[in-house]
Amino acid sequence: MNVEELSRLPAGAVDHFRREGIEELYPPQAEAVEAGATDSESLVAAVPTASGKTMIAALSMLSAIERGGKALYIVPLRALASEKKAEFEAYEEFGVTVGVTTGNYESTSDWLATKDIIVATSEKVDSLVRNGADWLSDLTCVVSDEVHLIDDRNRGPTLEVTLAKLRQLTPQLQVVALSATVGNADEIADWLDAALVETDWRPIDLRMGVHYGNALNFDDGSTREVAVDGSEKQEAALVRDILEEGGSSLVFVNSRRNAEAAAKRLGKVTSSELAAEEQAALAELADDIRDDSDTETSADLADCVEHGSAFHHAGLSNTQRSLVEDAFRDRLLKVISATPTLAAGVNTPARRVVVRDWRRFDPSAGGMAPLDVLEVHQMMGRAGRPGLDPYGEAVLLAKSHDESEELFDRYVWADPEPVRSKLAAEPALRTHVLATIASGFARTRDGLLEFLEATLYASQSTEAGRLETVTDTVLQYLESNDFIERDGGDGSAEADDGAFTSAAALAESGGRDESLEATSLGHTVSRLYLDPMSAAEIVHGLERADDRPTALGLYQLVSRTPDMYELYLRSGEDEKFGELYYEREAELLGDAPSEFEEDRFEDWLSALKTGKLLEDWAEETDEARLTDRYKIGPGDLRGKVDTAEWLLGAAESLAAEIDSDWTVAVREARARVEHGVGEELLELVSVGDVGRKRARSLYERGIETPSDLRTADKGVVLDALKGEKTAETILENAGREDPSMDGIEPKSAGSSTGTATAASSDGNRNDESMESEATDGDADDGQSSLGDF
DNA sequence: TGGTACCAATTCTAGACAGCATGTC
DNA sequence: CTAGAATTGGTACCA
């Protein structure tokens, strides 16, 4: 089908596509149009990566807009939201407007209401539904990208429930679900009352194969010799082989450490193939990486990059990830060794994809578990760059003939698994049941069950009554924590309190249609987007605090909620943090689990570790020291700080809601974690362009508040802040009338440093105390076990 | 003394959404 | 039912 044949699109759209070089629709796209994509028809497109799924979405959305409607594009990752936004912004050329909204992207509802296409993460959409954004009812077309993620244990249910709610809000809604090829696309289509477009077609050929010995055997029967010489690893031989013909490669491994080690080794392969100008550009890129963060991970990455290779995992900062991805797309980097982050993220195709590790550590499986076929196919789907490569190659590595055969059977010839709803898992249901009640989607138990019937789970469920049972368990939990109120009709339920009596009330009210209502606290929890269990933990912790909680107490509290992904306790650290626990037990909020409940006590300690990380951060320990001390990457640190900031913001609202005395303490702890500063710097840091470093520098010179900035000796300010320009901007931000630094010379602060030096060494003292604790802990080892026995 | 080659024991394990209101070095 | 790569530590060996 030629683009000229497309009707129902906004004027100028067809011209736009032609200018982009799009003449003929790909077969799946044509099929989607025939199925009614441009005609308000819902459809599920289960097609391989890079076969033009976005175009199907675009055609649907543009035709919806042409009819006067509004479109929503749901993505699974923030990074994809920006990627899609950039893509759709090209349509502004013919008058279609685009907005993005994610957790950290600025957005007001009014502003979004004026946009034709809105890109958002599934959680953000869920949140918008909960908060009743009125423009949602104007939607006529919703696209759900990577809809197979409904299968995801953690985040799948959100997408599933959100789609169900959007459909309920707007009965005529066109739903376009884009999926990887999965085992049961037909089931998803049935659920969404949608037509199904399913195909294996790809714009570039993808050859899948297995490398064993010195041969690479492909699924089409062809063979290519790739010799592994000497002590070289298979992946090195494969990378070199394709590099010699000018192709880049992606190597997927199963751990961060493996990714880093492989990138280091592969650097030896790539460095010999670099042109002089490439080396210069790579050196520049390496500097950008070092500039972004002064940590060991950064230094290692920069060293690799200078050789034309890189690693990629969630320990990298977002900036570093983008730098690596962009440089790879620009063909500057020749190889990336990555954890699965890359397969799910933004588009980074390569001529050859090597899936080195096909098993991954999975504690629930008790060891290494094979990757899902779907996951491996997603990685392999990254092979082949449209317009650049003649074909893509995806290679698995085998160490024996048997393994080679197993890999063919398991992954090359295998169909992907079916998508299975995970909604009936209690944690998921806990959150979504509360939200459904709070936002008025259901007002009775029957109404709730009826709504849940509209989910994919219900359509897949074979076990009758399971959903109902779990729902009742969840309702009971929500009621006993005062998030909802139930009224069985005879008025007795209202008087009930506590889990036992409400269980009785439940039994009593049996089949009767109870009314369900969120309490004020329940509404707050739903609006804040908290897992009810997190909220309960926080509320309980705050209620149990007799004295003003310390920062560490609050940090440990939010760190032990299910919304915070705790740091892992390394060997020996249980003792180290056990000791810290005894030292600072009094600061922690709520009851610690008994030491004899090993698992729970360990969780408590990892929360303490995470809390301690946050405390160190709020005591101005620098990034390099923290990443080293906690053995994490810069990306992890920023992620933890981000999450803590969010949770403490929520905790502040909760504190206000329950009339806690500690609202101010929570706010201060949040502000300290946000800026990474001690209490005494909070005022300074509120001035624009003043962060933790500059604030400390000013404070050391006796400038302790914004008003000090307005009156301080400019020479001292300049000495604290270095650059003239910076100093001027900051003085201006502080509201100084004469910010000009003309003719000012830096001047040391002189005698007023007394207190300031004490303050700064305070921060350092903390660093040292932690380190000496570590050594103390080791030294004590023998003694404490002597004491135990 | 120092370098290294090699083997055995030990260690450790992927990822990333959200409120609210604005801005680091 | 279930692993395996990388790192660390120790030893032998040689210059």
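Chain naming here is simple, since letters A, B, ... match the order of the sequence lines and numbering starts at 1 in each. Below, all heavy atoms of this structure are taken into account, side chains as well, without hydrogens, waters or symmetry copies.
- For A:M368, whose side chain is taken as the heavy atoms from C-beta onward, the closest listed nucleotide among B:dA14, C:dA3, B:dG19 is C:dA3.
- Taking the P atom of each, C:dT2 and B:dA18 are spaced 40 Å apart, rounded to whole Å.
- With B:dT24, B:dC20, B:dC12 as the candidates, the nucleotide lying closest to the side chain of A:R527 is B:dC20.
- Per the geometry, CG belonging to A:D362 stands 16 Å off P belonging to C:dC1, to the nearest Å.
- If you check B:dA16 for Watson-Crick or wobble pairing at under 3.5 angstrom, you find it has no partner at all.
- At B:dC17, none of the side-chain N or O atoms of A:S122 fall inside 4.0 Å of OP1 or OP2 (strictly under the cut-off).
- If you find the closest nucleotide of DNA chain C to A:N258 and to A:G367, the one lying nearer the 5' end belongs to A:G367.
- Pair assignment for B:dC6: C:dG10, on the basis of Watson-Crick or G-U wobble contacts that are both within less than 3.5 Å.
- Here A:E652 lies out of heavy-atom contact (under 4.0 Å) with every strand.
- Contacts of A:V687 with the nucleic acid, taken as non-hydrogen atoms under 4.0 Å apart, involve only primed sugar atoms and P, OP1 or OP2.
- For A:D636 and A:S127, each mapped to the nucleotide of DNA chain B holding its nearest heavy atom, the one lying further toward the 5' end belongs to A:D636.
- Across all strands, A:G649 comes closer than 4.0 Å to base atoms (heavy-atom distances).
- Note: CG (A:D357) to P (C:dT2) measures 21 Å, nearest angstrom.
- At the heavy-atom level, A:K264 lies nowhere under 4.0 Å from the strands shown.
- Atoms CG (A:D563) and P (B:dC17) sit 13 Å apart, rounded to a whole Å.
- Put simply, OH on A:Y565 is 7 Å from C1' on B:dA14, counting in whole angstrom units.
- Between A:R256 and B:dG15 there is a side-chain polar atom (N or O) within less than 4.0 angstrom of OP1 or OP2.
- Residue-level contact check: A:T726 touches neither bases nor backbone, having no heavy atom under 4.0 Å from any strand.
- A salt bridge does not link A:K631 with A:E573: none of the charged nitrogens is closer than 4.0 Å to a carboxylate oxygen.
- Side-chain contact annotation: A:W358 with A:E403, donor-acceptor N/O pair under 3.5 Å present.
- A:K631 comes within contact range of no nucleotide atom at all, as no heavy-atom separation falls under 4.0 Å.
- Using a cutoff of 4.0 Å between basic side-chain nitrogens and carboxylate oxygens, A:R670 and A:E674 are scored as salt-bridged.
- Heavy atoms of A:A365 sit under 4.0 angstrom from at least one base atom.
- Nearest to the side-chain atoms of A:R356 among the listed nucleotides B:dA18, C:dA5, B:dA16 stands C:dA5.
- Nucleic acid contact for A:V690: sugar-phosphate only, since backbone atoms but no base atoms lie under 4.0 Å from a heavy atom of the residue.
- Residue A:L530 is classed as having no contact, given no heavy-atom separation below 4.0 Å to the nucleic acid.
- Across B:dA14 and C:dT7, the matching P atoms stand 14 Å from one another, rounded to whole Å.
- Per the geometry, CZ belonging to A:R257 stands 10 Å off C1' belonging to B:dT10, to the nearest Å.
- The nearest pair of heavy atoms linking A:R410 to A:V373 is O-CG2, 3.5 Å.
- Looking at the side chain of A:S255, the nearest of the listed nucleotides B:dA18, B:dT13, C:dT7 is B:dT13.
- One finds a salt bridge joining A:R638 and A:E623 here, because a Lys/Arg side-chain nitrogen approaches an Asp/Glu carboxylate oxygen to under 4.0 Å.
- Distance, A:L149 CG to B:dC17 C1': 12 Å, rounded to whole Å.
- Of the candidates B:dT13, B:dA18, B:dC17, the closest approach to any side-chain atom of A:Y568 belongs to B:dT13.
- Atom pair A:L159:CG and B:dC17:P shows a separation of 14 Å (rounding to whole Å applied).
- At a cut-off of 3.5 Å, with distance as the only test, a side-chain donor of A:S293 or A:S298 sits close to an acceptor on the other residue.
- Residue A:R359 is in sugar-phosphate contact alone, with no base atom involved, counting any heavy-atom pair closer than 4.0 Å across all strands shown.
- Among the heavy atoms of the strands lying under 4.0 Å from A:R265 are primed sugar atoms or P, OP1, OP2 only; no base atom is included.
- Donor-acceptor pairing under 3.5 Å is recorded for the side chains of A:S317 and A:D292.
- Nearest nucleotide to the side chain of A:P340, out of B:dT13, B:dA14, B:dA18: B:dA14.
- Counted by atom type alone, A:T339 and A:T341 present one or more donor-acceptor pairs between their side chains at under 3.5 Å.
- At a threshold of 4.0 angstrom between heavy atoms, the contacts of A:R153 with the nucleic acid are absent.
- Here B:dC25 sits opposite no nucleotide as a Watson-Crick or G-U wobble pair (both hydrogen-bonding atom distances under 3.5 Å).
- Once the 5.5 Å centre distance and the 30° plane angle are applied, the aromatic ring of A:W646 is found stacked with the base of B:dA18.
- Taking atom CG of residue A:L569 and atom P of nucleotide B:dT13, one finds them 11 Å apart after rounding to whole Å.
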